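First up is the structure itself, then whatever we jot down about it.
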Amino acid sequence: MDAPLGSASPSAPLFSLRGISHVFPNGNKALSDITLDIHEEECLFITGSNGSGKTLLIRIACGLVEPSCGDVFFHGIPLDRARDVRSSVGMVFQDADSQIVGETVAEDIAFGPKNLRLPKDEIAERVHSALSAMGLTEKRDYPPRRLSGGEKRRLAVAGILAMGCSAIIMDEPFANLDYHGVVQVLDIIKHMKTEEKTIIILTHELEKALAYADRLVILDKGRIRDQGRADETLDRLVPSYGVRDPRKTYTCAADCTWLD
Ligand SMILES: Nc1ncnc2c1ncn2[C@@H]1O[C@H](COP(=O)(O)OP(=O)(O)O)[C@@H](O)[C@H]1O
Ligand SMILES: [Mg+2]
């Protein structure tokens, strides 16, 4: 049996959100009564149109924003007492440039492990394996700002791997990427799945990576409208939630339109 919320338990969900609502000072009610468990090692997609509350919800889960109402538990422990959130959960922001801190790729990856005050040898080893896992070894002395969009996201993930995080959140990971960049992000998701990491993807571009989703949560105007296995959820999907069913099959080039 699961331990009650409030005490650490290996079987407790990674995050438990209970009755989360959020109202901004301007009166904008951005989230309403969200209750959601996010489990270890699942690949969860949170989708919904722009402004539906994806980023805000996950910022609340990580303790970056205090909700107006409701509780967040991390491994069953109230978030304000869970000390290891920052070291266990890594976040790739929508704007990958805002996360760059180093003058070189290797320096950037080393930033997190240095903050953990790890021994020098250990830092070097972690940077080496993160570079290799993300295919950035040849770019180790490169200035990060000159990387491509896909490479910048890989750099952010390399930093998270070097921290030893067991969970990764990617906020709109396909934004502003060309085809090659999208393929690079898909490779990251595949790699994290083989490493049995928890993966949380916030995206309205479902068609790019739907095949990797274990579970789908659909947000609309700050409420959860549906959740479940990807296929089942899409079968029930109501287009008015701003989510388009990406399983549609195309028979000719003229069918490939986003405007239907
Ligand atoms: N500082 C703020 N003040 C008022 N409303 C905000 C603020 N930040 C975000 N919002 C609103 O919160 C809602 C959810 O935003 P967000 O989580 O960024 O949506 P998504 O990530 O799904 O695009 C939106 O309606 C947005 O306009
Ligand atoms: Mg967002």
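Because the structure is predicted, anything quoted here is derived from the model rather than measured. We count ligands from 1, going down the list as the structure has it; atoms in each ligand are counted the same way.
- Remark: minimum distance from atom 23 (O) of ligand 1 to any protein heavy atom is reached at Gly51 N, 2.7 Å.
- Between Gly53 and ligand 1, at least one N/O pair is under 3.5 Å apart.
- Set against the non-hydrogen atoms of Asn50, the atoms of ligand 1 under 4.0 Å away are 23 (O).
- When each atom of ligand 1 is checked for a heavy atom of Asn26 under 4.0 Å away, the hits are 4 (C).
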How far apart are the C-alpha atoms of Phe74 and Phe15, what are their side-chain angles, what is the distance that settles it, and do they pass the ring-ring contact (aromatic ring centres under 6.0 Å, His included) test? CA-CA 5 Å; Phe74 181 71; Phe15 287 112; 5.4 Å; yes
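- Taking 4.0 Å as the cut-off, Gly222 does not count as a neighbour of ligand 1 on heavy-atom distance.
- Nearest non-hydrogen protein atom to atom 8 (N) of ligand 1 is Phe24 CZ, 3.4 Å.
- Scanning both residues, Ile123 and Ala110, for their nearest heavy atoms gives CG2-CB, 4.0 Å.
- Taken together through direct or relayed side-chain contacts under 4.5 Å among Ile, Leu, Val, Met, Phe, Trp and Tyr, Met170 and Leu44 form parts of separate hydrophobic clusters.
- Here is the list of ligand 1 atoms found below 4.0 Å of a heavy atom in Ser49: 22 (O).
- Closest approach of Leu219 and Gly53 over heavy atoms only: CD1-C, 3.6 Å.
- Asp108 is not listed as a side-chain neighbour of Leu147, based on a closest heavy-atom distance of 4.5 Å or more.
- Nearest protein heavy-atom neighbour of atom 18 (O) of ligand 1: Thr55 CB, 3.9 Å.
- Given atom 26 (C) of ligand 1, the protein heavy atom at minimum distance is Asn28 ND2, 4.1 Å.
- For Lys54 and Asp171, the salt-bridge test fails: no basic side-chain N is under 4.0 Å from an acidic carboxylate O.
- Residue contacts with ligand 1 do not include Gly48, since none of its heavy atoms lies under 4.0 Å from the ligand.
- Distances from the Mg ion (ligand 2) show that Asn50 has no N/O/S atom below 2.8 Å.
- Residue Asp37 comes nearest to Pro13 through the heavy atom pair CG-CG, 3.8 Å, listed as atom of the first residue, atom of the second, then distance.
- Taking every heavy atom of both residues into account, Thr203 and Glu172 meet most closely at CA-OE1, 3.4 Å.
- Scanning the protein heavy atoms around atom 17 (O) of ligand 1, the nearest turns out to be Leu56 N, 2.8 Å.
- The atoms of ligand 1 that sit less than 4.0 Å from any heavy atom of Ala30 are 12 (O), 13 (C).
- Ion pairing of Asp187 with Arg154 is absent here, as no side-chain N (NZ or NE/NH1/NH2) approaches a carboxylate O to less than 4.0 Å.
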